[in-house]
Amino acid sequence: MARPHIEPFVDRDVPFRKFTMPGFPKGMQYKMLSLDPDNGACTMTVMFEPGYRQPPGMSYSEYELFIMTGSITVGDKVHGPGSYFMVPAGIAIGALSSPRGATGLLFYNYGEPSFVESDSDHPRAERSKFAVVNAYDDMQWSSTNFFPATAPGCLVKVLHFDERTQAFTFLYCMTPNFWQDNISYHDCAEEAYHIWGTSWMMQFGDLPTGGYFYRPPYINHGAFGCKLGTLALGRTDSRLYNHFHFNPWTNVEENRQRAANRVMHWMPDLYKWINTHGHNHPVDFEFPHGHAHGDTPHHHGDGKVEHTHKRKRRRRK
Amino acid sequence: MKSIPHKRSREVEAWLRREIAEQKVRYRKIVAEQDALAPKRDKWVAEFLERIQTRGTHVHFNMMRKVRPEEIPVRPKRKFRVVF
């Protein structure tokens, strides 16, 4: 099972707690927003207490950090509100400190939080994918470029785009008096946190400042409204497509069926190929082979895509 | 490389178990709160179905179309779930 549907959850209703995960220095507090029971991947609101210090180190999982208030210093550079870090697994970042404290959002995308003191990257780390940007100062708002698109007044700044999964992390805002009268669902999981402002959805009511959701695929959300404007951080786990409709009562299975039917009409040749090959094991020539690395979902004619292969031992010559 | 294989310590396993248990409690609370919201939600849905016939439903960006009365879906008899 992946992460459950957590929507809505307002973290202002719960206090910070000391983060006691082994390996991490003292002085960090957290509120758990959502957690994958299988692999420990999670999203947390975090607070670095004034005077927090962390030596150079790495994580076994890719993680993302967004600073909401205060500032942190990494190496000799100060990062204030709006700073965003994409840190691939195994990348060692410099000593981190927060002399006056900070709050942020911390996303461990593929495994439980981990910290290993190190001043050099893990041999399997992909340094080229490390990124730091200040979303407030260095980037400008743009309309969403999905098709079909959200209504005018929903603007984004894309902070990270994964070229393989098309997962992306984005700052978004809704302008005052934004409204969108349709219902949407996606093929991807989606999560978001309200940095400031209240928005409304027909299913869940108001989501205020500090509001959060983790929404698995194919769950209806919308119509949408926002009276005074909202600033939020969002993230998907794969490609986002807006399946719009206006039936408030459809369920996950019906939405998934509809999405599959749409794929059948949009990509008939590919759909047929997927359904008629017994050993369905598509390989992307741009990426490593799935069997070797276990990262490509595929099945062996039985439809079970969530399985693993043991590594073959190499014979000594 | 999204994650690097490693072994979890007992302390980490214990931390995860605690968090998973707390998340189950959080999930049940959300479901109860959302069930309690049902009367308001029914009103919002009725207003939505009215608006899409008069002002229209968003199809793409600022493109809208008015929904004909015969296109309005009929509410099924099953429970209206919003949290899955």
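Numbers restart at 1 for each chain; the letters A, B, ... are given by sequence-line order, proteins then strands. All values reported here derive from a predicted model rather than from experimental measurement.
Contacts between B/Met64 and chain A at a heavy-atom distance below 4.5 Å involve the side chain alone, from C-beta outward. In this structure, the portion of A/Leu33 lying under 4.5 Å from any heavy atom of chain B is its backbone and not its side chain. Both the backbone and the side chain of B/His58 come within contact range of chain A, each with at least one heavy atom under 4.5 Å from a heavy atom of that chain. Proximity to chain A is absent for every atom of B/Arg17, based on heavy atoms less than 4.5 angstrom apart. Of the atoms belonging to A/Phe213, not a single heavy atom falls under 4.5 Å from chain B. Contacts of A/Pro113 with chain B are made by side-chain atoms alone, with heavy-atom separations under 4.5 Å and no backbone atom involved. Looking at A/Tyr214, there are no atoms closer than 4.5 Å to chain B (heavy atoms on both sides), in backbone or side chain. Only the side chain of A/Asp162 comes within less than 4.5 Å of a heavy atom of chain B; its backbone N, CA, C and O stay farther away. Within the 4.5 angstrom heavy-atom criterion, only backbone atoms of A/Phe146 (N, CA, C, O) approach chain B. When heavy atoms are compared at a cutoff of 4.5 Å, A/Glu126 approaches chain B solely by way of its side chain, counted from C-beta outward. At a 4.5 Å heavy-atom cutoff, the contact between B/Arg65 and chain A is made by side-chain atoms alone. Proximity to chain B involves both the backbone and the side chain of A/Ser34, based on heavy atoms less than 4.5 angstrom apart. Only the side chain of B/Ile52 comes within contact range of chain A, with heavy atoms under 4.5 Å apart.
You'll find the side chain of A/Asn251 reaches within 4.5 Å of the side chain of B/Phe84, heavy atoms only. Inter-residue side-chain proximity for B/Ser3 and A/Tyr108 is flagged as unmet; no heavy-atom pair is nearer than 4.5 Å. Using a 4.5 Å cut-off on side-chain heavy atoms (C-beta onward), A/Asn220 and B/Val82 make no contact. A/Phe9 places none of its side-chain heavy atoms less than 4.5 Å from the side chain of B/Gln23. In this structure the side chain of A/Ser114 never reaches within 4.5 angstrom of the side chain of B/Val12, judged on heavy atoms. Between B/Glu22 and A/Met32 there is no side-chain heavy-atom pair separated by less than 4.5 Å. Contact of the B/Val59 side chain with the A/Phe244 side chain is not registered, since no non-hydrogen atoms from C-beta on lie closer than 4.5 Å.
Geometrically, B/Arg51 does not engage A/Trp179 in a cation-pi contact defined by less than 6.0 Å to the ring centre and at most 45° from the axis.
Among A/Thr150, A/Asp181, A/Asn182, the residue with the largest count of heavy-atom pairs under 4.5 Å with chain B is A/Asp181. Among the candidates A/Ser61, A/Ala125, A/Pro248, the residue making the largest number of heavy-atom pairs closer than 4.5 Å to chain B is A/Pro248. By number of non-hydrogen pairs under 4.5 angstrom with chain B, the leading residue of A/His221, A/Glu112, A/His122, A/His245 is A/Glu112. Top candidate by heavy-atom pairs under 4.5 Å with chain B, chosen from A/Cys42, A/Pro148, A/Pro216, is A/Pro148. Ranked by non-hydrogen atom pairs under 4.5 Å with chain B, the options A/Asn109, A/Thr250, A/Ile219 are led by A/Ile219.
Expressed to the nearest 0.5 Å, how far CZ of B/Arg75 lies from CG of A/Asn247 amounts to 11.0 Å. For the atom pair CD (A/Gln180) and CZ (B/Phe61), the distance works out to 10.5 Å, reported to the nearest 0.5 Å. Atom CZ of B/Arg41 is separated from atom CE of A/Met202 by 9.5 Å, given to the nearest 0.5 angstrom.
Taking each heavy atom of A/Phe246 and B/Phe48 in turn, the nearest pair found is O-CE2, 3.7 Å. Taking all atoms of both residues into account, the shortest heavy-atom contact from B/Asn62 to A/Pro152 is CB-CG, 3.6 Å. The two residues B/Leu16 and A/Gly40 make their nearest non-hydrogen contact at CD2-CA, 3.9 Å. When all heavy atoms of A/Ala89 and B/Lys2 are compared, the pair lying nearest together is CB-O, 3.6 Å. Across all their heavy atoms, A/Asp38 and B/Arg8 have their closest contact at O-NH2, 3.8 Å.
Around atom OH of A/Tyr212, more than 12 heavy atoms belonging to other residues, nucleotides or ligands sit under 6.0 Å away. Residue A/Arg127 qualifies as enclosed at atom CZ: its count of foreign heavy atoms under 6.0 Å is above 12.
The existence of a salt bridge linking B/Arg78 and A/Glu254 is confirmed by a sub-4.0 Å separation between a basic side-chain nitrogen and an acidic carboxylate oxygen. In summary, B/Glu19 and A/Arg17 engage in a salt bridge, as defined by a charged side-chain N under 4.0 Å from a carboxylate O.
Aromatic ring centres of B/Trp44 and A/Phe204 lie farther apart than the 6.0 Å criterion allows.
Interface residues of residues 29-39 of chain B toward chain A, defined by a heavy-atom distance below 4.5 Å and sorted by number: B/Ile30, B/Gln34, B/Leu37.
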